[in-house]
Amino acid sequence: MHSWDLAQAIGVEDTLDPVMVEAAHAFVEPVADSLPTGYFATAPQLGADPDRQTQLLALLGRDARAWNRPR
């Protein structure tokens with residue numbers, strides 16, 4: 001996730017390795033509701049059929065739509 005944060009901050013490609021995204025999602029999704037408050041923002045509402053990276057970002061309180069840069 002920190003590589004995504006950094007990519008957003010400096011304006012470079014932010015696509016994460018799909019294998020790593022799947023592994024991280026499988027680890028985080030079952031415990032997402034028990035993550036400590038104060039460390040992660042509230043998960044944003046997702047549109048219809050989000051890709052796995054978008055789902056993972058949301059579980060960890062990140063919203064790619066909130067960044068104001070062209071995609």
Side-chain angles (χ1 to χ4, degrees):
M1 295 315 322
H2 297 300
S3 60
W4 183 87
D5 295 331
L6 181 58
Q8 288 294 312
I10 63 175
V12 298
E13 176 60 40
D14 63 3
T15 301
L16 301 173
D17 180 309
V19 173
M20 298 304 283
V21 167
E22 286 297 331
H25 187 274
F27 180 80
V28 172
E29 196 275 330
V31 298
D33 290 336
S34 64
L35 293 173
T37 58
Y39 290 101
F40 303 97
T42 302
Q45 293 294 316
L46 301 178
D49 197 30
D51 62 36
R52 185 63 91 198
Q53 178 172 312
T54 301
Q55 293 172 14
L56 177 61
L57 292 170
L59 286 173
L60 297 173
R62 290 157 170 91
D63 186 352
R65 299 167 302 175
W67 289 82
N68 294 318
R69 69 177 181 89
R71 296 241 169 227

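Clustering ILVMFWY residues whenever any of their side-chain heavy atoms sit less than 4.5 angstrom apart, transitively, puts Leu6 in the very cluster that holds Val12. Taking hydrophobic clusters as Ile, Leu, Val, Met, Phe, Trp and Tyr residues chained together by side-chain heavy-atom distances below 4.5 Å, Met20 does not share a cluster with Leu56.
Phe40 and Pro36 get closest at one heavy-atom pair: CD1-O, 3.9 Å. Taking both residues in full, the closest heavy atoms of Asp14 and Trp4 are given as O-CD1, 3.2 Å, listed atom of the first, atom of the second, then distance. Scanning both residues, Ala43 and Ala58, for their nearest heavy atoms gives CB-O, 3.1 Å.
With sequence neighbours excluded, the residues that form a side-chain hydrogen bond (donor to acceptor under 3.5 Å, both in side chains) with Glu22 are Arg52. In this view, Thr15 and Glu13 satisfy the side-chain hydrogen bond (donor to acceptor under 3.5 Å, both in side chains) rule, not counting sequence neighbours.
To the nearest 0.5 Å, atoms CD (Gln55) and CG (Leu46) are separated by 7.0 Å. With rounding to the nearest 0.5 Å, the separation of CG in Leu59 from OG1 in Thr54 is 11.0 Å. In this structure, CE on Met1 lies 4.0 Å from CG on Leu57, to the nearest 0.5 angstrom.
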